[in-house]
Every structure is written in C-alpha cells, then in structure tokens.
Amino acid sequence: MKEIILIEDDSGVRFFIEEALRREGHRVLSFESYEKASSSIKEDTDLVLIDIKLPGIDGLSAIEEIKRFTDAPIIVITAYGTKKNAMLAIEKGAIDFFVKPISLEELKVVVKRALAKREIEKEAKLKKKEWHDATTYHGIVVKSEMMKEVIRLAERVAETDVPVLITGETGVGKEVVARLIHKLSNRKGEFVPVNCASIPETLLESELFGFEKGAFTGAVREKKGKFELAEKGTLFLDEIGEMGPNLQAKILRVVETKELERLGSTKKVKLDVRIISATNKNLIEAMGEGKFRPDLYYRLSGVVIDVPPLRKRKEDIGPLIDHFLLELEKDLGRKLGISKEAKEYLLNYAWPGNVRELLACLKSAVSVSEDGYVTLEDLPIHMRERTKKHYTGGASLDEQIEELERKRIIEALKATKGNQKKAASILGISERSIWYRIKKHGIDVSNL
C-alpha cells in the first residue's frame with residue numbers, strides 16, 4: 001500500500017481523486033490547503049498530488065517546501081492548463097501535471113508511473129547504501145567474501161616490509177591492491193608503478209636503474225631510475241613475468257644487496273624500497289620452462305595474494321556498476337542511469353576482461369546512450385551480438401514496450417530537429433500526447 005498526499009481545495013475534485021486512488025489500493029491523506037497538509041508530509045511519503053491554485057500558500061510555492069521534507073514525486077493539478085504553468089511547476093521539481101476536468105484513466109496511468117519511479121529511486125538509494133557499506137578502503141568496492149579476504153590479507157601484510165607478489169588475470173585490480181598495501185603501510189615515500197610489459201627491455205633497464213650523463217647516446221644528463229624514485233616508498237613491478245632473463249638477474253642483485261649502480265656509473269646507491277610485484281602468468285610454470293628465475297621468484301613472493309576474477313565473485317558486480325556510474329556522474333556532471341534489462345545482462349556476463357572491462361563497458365555505453373540512460377542496445381557491439389543470440393532474462397514485456405516507445409520518440413524528435421508537432425505527426429499521435437510522453441520518459445529535447 002502506497003501513501004499519497006492529496007492537496008486540493010475543491011471538495012468535489014478532492015473526493016473524485018481520493019476515491020479513485022483508494023479503489024487502486026492506495027492510502028490517501030487529503031487536505032484542502034498546504035498548511036494543513038505540511039505536517040503529514042514525511043520522508044517516506046510515496047507521492048504528492050497538489051493543486052496549483054490553493055488558499056494560503058499556492059501550489060507552485062509549496063513545491064519547494066515539499067521537497068525540503070521528501071524527495072517523493074510531485075504531480076500538480078490545475079484548471080489553468082497552459083504549458084507555462086506546467087513548465088513552471090516542472091522547473092520547480094514537479095514531474096507531471098493534470099488539467100481539470102481530470103480523466104480517470106490518465107490519472108491511473110500517471111500515478112502508476114510516478115509510484116514506479118518512486119520505487120526505482122528507493123531501490124537505487126538502497127543499492128547506493130549497499131555499495132557504500134561494501135566499500136572497505138579507499139574506493140575499493142568489496143562485497144564478496146573472496147575479495148574481503150584479499151583486503152584482510154592486504155591489511156596484515158601492509159604492516160610489514162615483506163615483498164608481495166599479486167597474481168590474477170588481466171584487469172582484476174592487482175595495482176589497486178598494491179596501492180592499498182602502500183597506503184596502509186608506514187612508508188613515507190612514493191608509490192612508483194612500472195609496467196614491465198609496456199617498455200622494451202633495452203629501455204626498461206635504464207628506467208629502473210637510471211643512468212649517468214654520457215652513459216649512452218642521448219644521455220645528455222643524469223637521471224634517477226624508478227628504484228631511486230621509490231626510496232622510502234614502494235616500487236610496483238607490474239607484469240613481472242614479461243621481464244627477460246638478463247634483467248631478472250639484475251633485479252635479483254638489487255633485491256639481495258639493497259643497492260644499485262646507475263648505467264654508466266660504478267658508484268653504489270643504497271636503497272630502502274619495498275617491492276610489490278604482479279603477474280597474470282603462472283610463474284611456477286614459467287620456472288619449469290626456464291623462463292623465470294626460481295631465486296628471483298622466491299625473493300619476490302614473500303607473501304602471495306591472488307585476486308580472483310570477477311566471474312568468481314559475482315556479488316561484487318552490482319555494487320561495482322553502481323559505484324562506477326556514480327563516479328562517471330561526477331566526471332560528466334550529469335545524471336546517469338541503467339535499465340533493468342541492461343543491468344541484468346551485465347550481472348550475468350562472464351567478464352573475461354574483469355573489472356577493467358566492466359569500467360570500459362560502462363564508459364562506452366554512457367557515451368552512446370540517450371540522456372545518460374544505458375539500455376541493452378547501448379552496450380558494446382560484441383556484447384550486443386551475444387545478447388541477441390543468447391540473452392533471455394531481464395525486463396518484463398511492459399518494460400520492453402516502455403523502452404521501445406522512448407527510443408521511437410527520440411528518433412522522431414531527432415528527425416524533426418526537436419519539432420514536437422512534426423514528430424507527433426510522424427508517430428501518429430497528438431501533440432498533447434507526445435508532450436506528455438516526453439515528460440513521462442524524461443527526454444531532454446534541448447540536447448537532441
């Protein structure tokens with residue numbers, strides 16, 4: 001049962017609306033003025049219906065007052081049904097309006113939509129709270145027990161200076177875990193990441209160890225390497241399994257002696273650096289094949305942390321989607337959303353690229369979506385093709401019809417460059433009908 005606040009000074013209209021809504025199973029609290037209704041408006045109120053012309057505080061002024069108490073949807077009622085009044089009400093925060101005399105069928109439809117919107121917003125708030133509760137440290141969204149154990153192990157190892165080897169597939173968040181360990185440690189220096197796979201080995205040596213002026217052609221000045229830049233801090237060697245045997249031997253020497261020589265120098269540089277390594281390869285197999293030095297492996301793997309793939313911790317997917325959409329909202333400065341069908345598909349997708357692929361997918365979908373509302377059709381093409389062939393779950397028939405209606409209206413508006421009258425003609429509906437549907441779907445005509 002939904003609680004609806006009705007504010008209408010005309011007793012006949014008030015009785016008509018009240019009876020109609022009660023027959024639909026709603027609890028209706030009705031009042032003849034905003035002053036009498038104000039004490040009954042609560043945070044959990046589901047819907048407010050208010051006449052524009054009221055004794056005392058009028059409906060337009062009351063909208064701003066109502067929004068101080070609740071974020072429930074507000075629908076205005078007026079006998080003065082101009083677009084100007086309607087737009088003023090919507091600008092102040094109302095989501096729709098009725099013109100007297102009120103159509104019973106229209107009343108039912110609009111109220112049903114408004115209450116459905118309220119349910120979605122309540123669910124979104126709950127999910128936002130869930131992912132906030134799940135976020136344990138510094139933006140790392142953790143809900144699954146598998147990832148909670150990774151975080152607990154990172155906590156414990158952070159208090160030591162033991163070398164850490166982080167394993168896991170590409171995109172699972174190995175660097176995120178490494179940064180967390182550094183953040184929680186007592187080290188005062190910088191976190192310095194190096195991707196061993198992205199730098200040619202001939203350049204990687206000078207990147208790591210630095211060089212003296214004149215050490216090779218082009219060395220016009222001395223340069224500190226990543227080891228020195230990480231002094232008193234943490235050096236993160238990502239994709240350590242891609243490093244060649246010659247460089248492995250030199251890294252081993254630095255780890256054992258805690259000192260290095262820059263290229264072109266014989267001077268020893270003392271080091272106080274913690275090393276955290278990461279790999280998506282099986283280094284045990286690589287050792288058996290002679291591709292990775294066992295002595296270096298044992299030096300780097302004081303503690304091994306394995307980050308599970310996203311497909312094995314599906315509890316994290318929903319909170320991650322909500323988290324990433326909120327972060328993208330901040331970056332883009334506009335409200336974002338996702339359809340039930342699209343989210344359901346993302347929850348069941350295998351994610352071979354893990355968390356990195358999920359973020360890239362959402363960025364792509366948001367960039368091509370209409371008004372920032374991501375639907376199944378906005379997902380990257382390889383996912384859409386798979387969807388057409390294999391996906392069967394998700395939205396109800398009514399929801400799919402709603403989504404189709406929204407897309408068709410947007411297409412017609414784009415074709416007519418925002419001319420609602422022409423768009424209505426193309427769709428075979430009235431101008432009033434298309435205006436109503438534009439408001440219902442929250443379509444921003446100015447951005448088409």
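Owing to the predicted nature of the structure, the values given are computational and were not obtained by experimental measurement.
- Side-chain atoms of Leu328 and Leu326, non-hydrogen and from C-beta on, never get closer than 4.5 Å to each other.
- Counting only heavy atoms from C-beta outward, the side chains of Lys258 and Lys270 never approach each other to under 4.5 Å.
- Between Tyr345 and Tyr349, the ring planes are tilted. Angles from 30° to 60° get that label.
- Summarising the geometry, atom NZ belonging to Lys407 is positioned 10.5 Å from atom CD1 belonging to Ile443; distances are rounded to the nearest 0.5 Å.
- The residues Lys148 and Glu145 are annotated as salt-bridged, a charged nitrogen and a carboxylate oxygen being separated by less than 4.0 angstrom.
- Within 6.0 Å of the CD atom in Glu190, the count of heavy atoms belonging to other residues, nucleotides or ligands does not exceed 12.
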side-chain contact (heavy atoms from CB on, under 4.5 Å) between Phe211 and Lys223, intermediate numbers included: CA-CA 5 Å; Phe211 52 83; Lys223 179 184 176 182; 3.5 Å; yes
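- When the options Leu296, Leu165, Ile284 are evaluated for a side-chain contact (heavy atoms from CB on, under 4.5 Å) with Ser301, the one that passes is Leu165.
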Ile240 vs Leu283, side-chain contact (heavy atoms from CB on, under 4.5 Å): CA-CA, chis, key distance, verdict: CA-CA 9 Å; Ile240 190 77; Leu283 294 186; 4.2 Å; yes
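- Across all non-hydrogen atoms, the minimal contact from Leu47 to Ala72 is N-CB, 4.1 Å.
- Ring planes of Phe209 and Phe227: parallel class, angle under 30° (limits at 30 and 60°).
- Pairing each heavy atom of Asp306 with each of Val150, the nearest pair is O-CG2, 3.6 Å.
- Here the shortest heavy-atom pairing between Glu315 and Pro319 reads O-CD, 3.1 Å.
- In this structure a side-chain-to-backbone donor-acceptor pair under 3.5 Å is present from Arg118 to Thr45.
- Contact of the Leu346 side chain with the Cys361 side chain is registered, since non-hydrogen atoms from C-beta on lie closer than 4.5 Å.
- Between the Arg313 side chain and the Pro308 main chain, a donor and an acceptor come within less than 3.5 Å of each other.
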Derivation and outcome, salt bridge (Lys or Arg N to Asp or Glu O under 4.0 Å), residues Arg262 and Glu228: CA-CA 10 Å; Arg262 292 180 188 168; Glu228 289 183 78; 2.9 Å; yes
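- Between Arg68 and Glu65 there is a salt bridge, since a side-chain N of the basic residue sits under 4.0 Å from a carboxylate O of the acidic one.
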Derivation of the side-chain contact (heavy atoms from CB on, under 4.5 Å) call for Ile50 and Ile74: CA-CA 7 Å; Ile50 184 169; Ile74 301 169; 3.9 Å; yes
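- Rounded to the nearest 0.5 angstrom, Ser277 OG and Arg299 CZ are separated by 13.0 Å.
- Listed for the Lys188 side chain is no donor-acceptor partner under 3.5 Å among the backbone atoms of Gly233.
- Remark: Lys232 NZ is loosely packed, at most 12 non-hydrogen atoms of other residues, nucleotides or ligands lying under 6.0 Å away.
- When atom types are taken as modelled, the side chain of Ser364 and the backbone of Ala360 share no donor-acceptor pair closer than 3.5 angstrom.
- With a 4.5 Å cut-off on side-chain heavy atoms, Leu204 and Val194 count as touching.
- How far CG of Leu263 is from CD of Glu222: 12.5 Å, rounded to the nearest 0.5 Å.
- For the residue pair Glu169 and Asn354, a side-chain donor N or O sits within less than 3.5 Å of a side-chain acceptor on the partner.
- Closest approach of Ile95 to Ala114, counting heavy atoms only: CD1-CB, 3.7 Å.
- Counting heavy atoms of neighbouring residues, nucleotides and ligands inside a 6.0 Å radius, atom CG of Asp331 exceeds 12 of them.
- Remark: Arg179 engages Glu175 in a salt bridge, criterion side-chain N to carboxylate O under 4.0 Å.
- Ion pairing between Glu231 and Lys224 fails under the 4.0 Å rule for side-chain N and carboxylate O.
- Counting non-hydrogen atoms of neighbouring residues, nucleotides and ligands closer than 6.0 angstrom, the CZ atom of Arg152 exceeds 12 such neighbours.
- For the atom pair CD1 of Ile276 and OG1 of Thr234, the computed distance is 5.0 Å after rounding to the nearest 0.5 Å.
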Residues Arg22, Glu3; criterion salt bridge (Lys or Arg N to Asp or Glu O under 4.0 Å); working and verdict: CA-CA 10 Å; Arg22 281 179 176 160; Glu3 183 175 283; over 6 Å; no
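- With contacts defined as side-chain heavy-atom distances shorter than 4.5 Å, the pair Leu49/Ile77 qualifies.
- Residue Arg27 places its CZ atom among 12 or fewer non-hydrogen atoms of other residues, nucleotides or ligands, all under 6.0 Å distant.
- Between Val164 and Ile181, the closest side-chain pair of non-hydrogen atoms falls below 4.5 Å.
- Judged purely by atom type and a 3.5 angstrom limit, Asn348 uses its side chain to pair as donor or acceptor with the backbone of Glu344.
- A distance-only check finds a donor-acceptor pair linking the side chain of Arg274 to the backbone of Val162 [under 3.5 Å].
- Within the 3.5 Å criterion, the main-chain N or O of Ile57 finds no donor-acceptor partner in the side chain of Ser61.
- When each of Thr170, Asp238, Thr167 is tested with Asn280 by the rule side chain to side chain donor-acceptor pair (under 3.5 Å), just one qualifies, namely Thr170.
- Salt bridge status for Arg408 with Glu405: absent, with no side-chain N to carboxylate O gap under 4.0 Å.
- Atom NZ of Lys291 is surrounded by 12 or fewer heavy atoms from other residues, nucleotides or ligands within 6.0 Å.
- At least one side-chain heavy atom of Arg406 sits under 4.5 Å from a side-chain heavy atom of Tyr373.
- In this structure, the side chain of Gln248 engages the main chain of Met243 through a donor-acceptor pair within 3.5 Å.
- In this structure, Asp322 pairs ionically with Lys343, as a charged nitrogen and a carboxylate oxygen lie closer than 4.0 Å.
- Taking the charged nitrogens against the carboxylate oxygens, Lys268 and Glu261 do have a contact shorter than 4.0 Å, which makes a salt bridge.
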Candidate pair Leu6 and Val48, rule side-chain contact (heavy atoms from CB on, under 4.5 Å), full reasoning: CA-CA 6 Å; Leu6 170 62; Val48 178; over 6 Å; no
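- The line from CD of Glu239 to OG1 of Thr279 is 5.5 Å long, rounded to the nearest 0.5 Å.
- Minimum interatomic distance between Ala342 and Leu376 (heavy atoms only, all atoms of both residues): CB-N, 3.7 Å.
- Rounding to the nearest 0.5 Å places NZ of Lys330 at 12.0 Å from CG of Leu325.
- In terms of modelled atom types and a separation under 3.5 Å, the side chain of Arg356 and the main chain of Gly173 share no donor-acceptor contact.
- A salt bridge is defined here as a Lys NZ or Arg NE, NH1 or NH2 lying under 4.0 Å from an Asp or Glu carboxylate O, and Lys42 with Asp44 fails to meet this definition.
- With respect to Arg187 and Asp272, a salt bridge is recorded, a charged nitrogen being found less than 4.0 Å from a carboxylate O.
- Here the closest non-hydrogen pair linking Val304 and Leu153 is O-CD2, 4.0 Å.
- Taking 4.5 Å as the limit, every side-chain heavy atom of Val307 sits out of range of all side-chain heavy atoms of Met146.
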